[in-house]
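In this chain, numbering begins with 1 at the start of the sequence shown.
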Amino acid sequence: MDIEAVKERAGPRQFGPNDDMPEEYRRAATRMIQFHANSEVMGGYLDKEFTRHAPSLDRKLANTAKVQDEIGHAQLLYRAAETLGVKTRDEMLEELQNGEGKFLNCFHYPVDSWYEAPMIDFFVDGGAMRRQATLKSTSWTPYAHAMDKVCFEEGFHVKHGESILRELMRGSKATQERTQETFEEWWPRILQFFGPTNDKSTHNDFAQQVGLKTTSNDELRNSFLNLYIPKAEKYGLEIPEYPRVFERDDGTMAVREDDLDWDEFWTIAKNDYEGSDVQIGSRARRQEAVEWVRESLDNWERGTSGTPQAAD
């Protein structure tokens with residue numbers, strides 16, 4: 001099948017591993033799914049920090065469950081990417097560890113307080129839900145199947161984040177002010193979560209032409225604004241003056257994208273941001289810490305580990 005035939009046939013869950021797909025499609029789909037899988041891993045590591053800051057045992061348990069979900073999502077997505085025959089799961093994980101794998105901008109920023117939890121678990125995960133719901137109609141069937149489970153669980157994650165935000169905004173005046181300050185810091189990052197504007201996106205047009213994406217970055221960002229500005233205001237948060245958000249003639253919301261720091265965004269996209277080293281280094285250290293487990297399993301499969309001895 002040539003690429004023109006793919007564009008003509010492109011539709012929800014149209015293609016699968018048994019189809020003779022052109023290399024251009026396979027590589028584009030691998031890049032997109034690998035980026036998504038990497039983001040699930042790095043998002044899980046970011047969420048892990050919130051477990052330490054959580055103010056109660058219930059919150060710690062809920063947060064731990066969320067981290068487990070995120071890492072599980074990554075495994076589903078790496079397997080979906082493998083079906084394209086371009087890279088193995090191990091190759092993708094090695095690229096992530098070596099700083100070659102790319103992931104979402106919000107997961108490059110280190111976190112150090114519980115006030116940041118709803119910024120990730122409510123707003124960022126809410127943005128993820130806007131994007132992921134559209135990917136249930138992606139043209140690569142294994143990716144769409146993975147999204148069925150991912151979206152189901154992400155819905156709980158958003159509710160988890162909303163519960164944290166509600167609790168903070170019902171707290172003391174000092175707690176409310178600290179939450180507002182944190183929101184103002186994260187708001188531009190959240191809006192850039194959806195990627196570059198359509199005119200600056202390298203891959204958007206092709207991904208839509210072959211059905212890998214069904215909604216553009218700008219459409220997703222504006223859809224998020226329409227839904228989440230009222231939610232933020234419902235809990236008493238004030239939308240920051242910058243970046244400027246405005247109402248269009250049709251009543252929908254949009255952001256003046258020139259107000260966003262795109263230089264920082266593109267630095268992050270290259271894994272060159274100072275926080276990138278921290279986050280990627282965290283991944284590398286954890287990979288090294290459990291290397292002995294992988295070696296033991298490999299030796300056991302090869303039959304070179306010897307017979308396990310009973311403890312004295």
Atom pair [atom1]/[atom2] of [X] and [Y] - distance to nearest 0.5 Å:
X: His36; Y: Leu76; atom1: NE2; atom2: CG; value: 10.0 Å
X: Trp140; Y: Ile33; atom1: CH2; atom2: CD1; value: 8.0 Å
X: Tyr273; Y: Glu264; atom1: OH; atom2: CD; value: 4.5 Å
X: Arg130; Y: Asn226; atom1: CZ; atom2: CG; value: 8.5 Å

Sidechain N-carboxylate O distance under 4.0 Å for [X], [Y]:
X: Asp69; Y: Lys149; result: no
X: Lys66; Y: Glu153; result: no
X: Arg170; Y: Glu167; result: no

Quick one about [Y] and [X] (side-chain donor to acceptor, distance below 3.5 Å, no hydrogens or angles considered), yes or no?
X: Tyr235; Y: Glu162; answer: yes
X: Glu219; Y: Ser216; answer: yes
X: Ser172; Y: Arg178; answer: no

Exercise for review: Please identify each residue that fulfils side-chain hydrogen bond (donor to acceptor under 3.5 Å, both in side chains) with Gln75, with sequence neighbours left out.
Suggested key: Arg89
Check your understanding: Quick one: ring pair (Phe, Tyr, Trp, His ring centres under 6.0 Å) pairs with a partner in residues 154-184, sequence neighbours left out?
Key ->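 Checked against ring pair (Phe, Tyr, Trp, His ring centres under 6.0 Å) - neighbours excluded - the pairs reaching residues 154-184 are His73-His157, Phe123-Phe183, Phe152-Phe156, Phe183-Trp187.
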Point to revise | Verdict with reasoning, Val255 to Phe246, per side chain to side chain contact (heavy atoms under 4.5 Å, CB included) | key: CA-CA 6 Å; Val255 62; Phe246 64 97; 5.9 Å; no
Review point. For Asp250, does the CG atom have more than 12 heavy-atom neighbours from other residues, nucleotides or ligands under 6.0 Å away?
Key: yes
Exercise for review: Cation-pi check, Arg9 to Phe15: give yes when NZ or CZ is under 6.0 Å from the six-membered ring centre and within 45° of the ring axis, no otherwise.
Suggested key: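 Because its charged atom misses either the 6.0 Å distance or the 45° angle limit, Arg9 does not stack over Phe15.
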Practice item. Examine Phe224 together with Phe194 and report whether their ring centres are nearer than 6.0 Å. Key: yes
**Study point:** Ring centre gap for Phe122 and Tyr228 strictly below 6.0 Å
**Key:** yes
Point to revise | Side-chain heavy atoms of Ile164 within contact of Arg59, under 4.5 Å | key: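 Side-chain contact under 4.5 Å: yes.
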Check your understanding: Under 3.5 Å, is there a donor-acceptor pair between the side chain of Arg26 and the main chain of Met21?
Key ->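 Between the backbone of Met21 and the side chain of Arg26 there is a qualifying donor-acceptor contact (under 3.5 Å).
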Point to revise | Side chain Gln208, main chain Asp205, donor-acceptor under 3.5 Å | key: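 Between the backbone of Asp205 and the side chain of Gln208 there is no qualifying donor-acceptor contact (under 3.5 Å).
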